There are 2 protein chains.
Amino acid sequence: MEGLPEFDLTGFTPYRAAVAAQFLSERLAREYRSRFGISIPDWRVLVHLAHSGGASVRDIENAVVMEKSKVSRTASRLESRGLIAKRPQARDRRLVHLTLTEEGRALMRELLPLAAAFQAKLESVLGADFESFDRTLGRLIEMQAGEDPF
Amino acid sequence: MEGLPEFDLTGFTPYRAAVAAQFLSERLAREYRSRFGISIPDWRVLVHLAHSGGASVRDIENAVVMEKSKVSRTASRLESRGLIAKRPQARDRRLVHLTLTEEGRALMRELLPLAAAFQAKLESVLGADFESFDRTLGRLIEMQAGEDPF
DNA sequence: AAAATTTCATTGCATATGCAACATTGCTGT
DNA sequence: ACAGCAATGTTGCATATGCAATGAAATTTT
């Protein structure tokens, strides 16, 4: 009647990774969404700007793994909220240079310690497993960019 | 001028997990999207039905971590494609019993081996890291349901 | 230097998503 | 048995998303 191979989604690594990642993201996003009205795309763009000091849409697309249209719209939203500034660039006028405003920096001075604390807590909870977990994540991320064994 | 804490998204575990999970999902989804027109929500519902033999929307919502409206719409789509059947239940007429059609089972006889091969390949590529990686995923998944240390 | 090609960012559009209503049915307690 | 409450699935609606097309500017080719 059945004739189907036995297969349990619960043990399937892509599924497990998706659920685990969703848990981590949502757990964190809950904080900065409810307290600061910041979504995950917002967060990624803001962090990259905090880290780099300034970047183009394309830079961010490459750095934080987001579609360029998503970056573009996120940037517009953040600009209209006064958190970042968009400035056409003199040298190459196709580029739009994005930077945090002072208000944006003030926000990040609150957000970044929160994220650092989350990371520390996570590492402490995972304990001995963390190092290997993190290393494996790194291997998977590299596969995305470089050679893909599948 | 800056006065911002140093923070690199690239080393942030929630971000890394999201990118790694996205890679795995997309890598796999590429196959069954292009070859069978199946999305990830489709896939999750189909797998659960293949595994359980039949389930309600609520069952699936709980089993595969999807919003019930998403499950509902996915089920409608799959029904209109002839891959699953929706049947009101006699005992509790709020429930809708979902099962694979013969066509759906035929599809799963192709898809499931493909997924099993992907899993095997992944385990082989990750080698010694796999066990610890999988265990850590399990710990994170449990946190979602049970006690949350954050 | 003109034309063709490439790069960058934005926008239009169709679809997907999450959340909150909603209608229906079942269950609980009195 | 009946009123109130809970559970189930669907739908409406506002927003988010991905992809392709576009416009504008730079680069490369001839």
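These numbers come from the heavy atoms of this one structure, side chains and all, not from hydrogens, waters or symmetry mates. Throughout, a chain's letter reflects where its sequence line sits, starting with A, and its residues are numbered from 1. Computed from a predicted model, the values in this text were never measured in an experiment.
Among the nucleotides dT17(C), dT10(D), dG18(C), the one closest to the side chain of Glu67(B) is dG18(C). Out of dA20(C), dG18(D), dC8(C), the shortest distance to the side chain of Arg94(A) is found at dC8(C). Of the candidates dT11(C), dG9(D), dC8(C), the closest approach to any side-chain atom of Lys68(B) belongs to dG9(D).
One hydrophobic cluster, built from ILVMFWY side chains closer than 4.5 Å, cannot hold both Met66(A) and Ile40(A); they sit in different ones.
Residue-environment remark: NZ (Lys121(B)) stays at or below the threshold of 12 foreign heavy atoms within 6.0 Å. Counted within 6.0 Å of CD on Glu131(B), heavy atoms from surrounding residues, nucleotides or ligands total 12 or fewer; the atom is thus considered open. No more than 12 heavy atoms of other residues, nucleotides or ligands sit less than 6.0 Å from atom CZ of Arg87(A).
Taking atom NE2 of residue His97(B) and atom P of nucleotide dG9(D), one finds them 11 Å apart after rounding to whole Å. dA26(D) atom P lies 17 Å from atom CZ of Arg58(A), rounded to whole Å. A straight line from CD of Glu61(B) to C1' of dG9(D) spans 10 Å, rounded to a whole angstrom. Asp92(A) has its CG atom 8 Å from the P atom of dA9(C), to the nearest Å. Following rounding to the nearest Å, Arg91(B) (CZ) and dT24(C) (P) show an atom-to-atom distance of 25 Å. One interatomic measurement links the two molecules: CZ of Arg93(B) to P of dT25(C), which rounds to 5 Å at whole-angstrom precision. To the nearest angstrom, P of dT17(C) lies 12 Å from CD of Gln22(A). Following rounding to the nearest Å, Leu95(A) (CG) and dT10(C) (C1') show an atom-to-atom distance of 14 Å.
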Exercise for review: Start with the C-alpha distance between Ile38(B) and Leu83(B), add both sets of side-chain angles, then the distance that settles side-chain contact (heavy atoms from CB on, under 4.5 Å), and finish with yes or no.
Suggested key: CA-CA 11 Å; Ile38(B) 295 294; Leu83(B) 297 173; 4.2 Å; yes

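Heavy-atom distances to DNA chain D give each of Val96(B) and Pro41(A) a nearest nucleotide, and the one nearer the 5′ end belongs to Val96(B). Position along DNA chain D of the nearest nucleotide to Val57(B) versus Glu26(B) favours Val57(B) as the more 5'-ward residue. With the nearest nucleotide of DNA chain C identified for both Arg33(A) and Asp59(A), Asp59(A) has the one nearer the 5' end.
Nucleic acid contact class of Ser39(B) (heavy atoms, under 4.0 Å, all strands): none.
At least one side-chain heavy atom of Leu122(A) sits less than 4.5 Å from a side-chain heavy atom of Leu140(B).
Residues from residues 70-84 of chain B that place a heavy atom under 4.0 Å from any atom of DNA chain C, listed by number: Lys70(B), Arg73(B).
The shortest non-hydrogen separation linking Leu9(A) to Tyr15(A) is O-CD2, 3.2 Å.
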